[in-house]
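A short worksheet on the structure shown next.
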Amino acid sequence: MNRKINTRKISSLEVNELLQFYMNRGIISPSDMMSCSEDTIMNKILKKVHPYKIYFSTSDERWHTQVEDPTNVRGYRQIVRKKAILKRTLLTL
């Protein structure tokens, strides 16, 4: 069963809720929030919650990664996006 991933824009309120969620679980610290840029914080979160590599393919000009999928024989499935919204998509899965 394929699950549609929601790629809508995330509001600033939702971003704050997500950051609070990750702070409550010890994935990021309050000092990270004060001293790091948004991209640095997102990368720290992704390293801890997303074990698969995220890369941009110049041949097809799209972002690629994988997500766990217990219904798939391999146990994961490929995610491909044209825009750089992949990080935000992964954070909200």
For the residue pair Arg81 and Arg62, establish whether any side-chain heavy-atom pair is separated by less than 4.5 Å.
no
Side chains of Pro30 and Met23, heavy atoms from C-beta outward: is any pair under 4.5 Å?
yes
Measuring from atom [atom1] of [X] to atom [atom2] of [Y], what distance do you get when rounded to the nearest 0.5 angstrom?
X: Leu19; Y: Asn24; atom1: CG; atom2: CG; answer: 11.0 Å
X: Trp63; Y: Thr65; atom1: CH2; atom2: OG1; answer: 10.5 Å
X: Thr71; Y: Arg77; atom1: OG1; atom2: CZ; answer: 7.5 Å
X: His64; Y: Ile79; atom1: NE2; atom2: CD1; answer: 11.5 Å

Closest non-hydrogen atoms of Ser29 and Ser31, given as atom of the first, atom of the second and distance, are OG-OG, 2.9 Å
So with a 6.0 Å cut-off around CD of Glu68, is the heavy-atom count from everything else above 12?
no
Would you call the rings of Tyr52 and Tyr76 parallel, tilted or perpendicular if under 30° counts as parallel and over 60° as perpendicular?
tilted
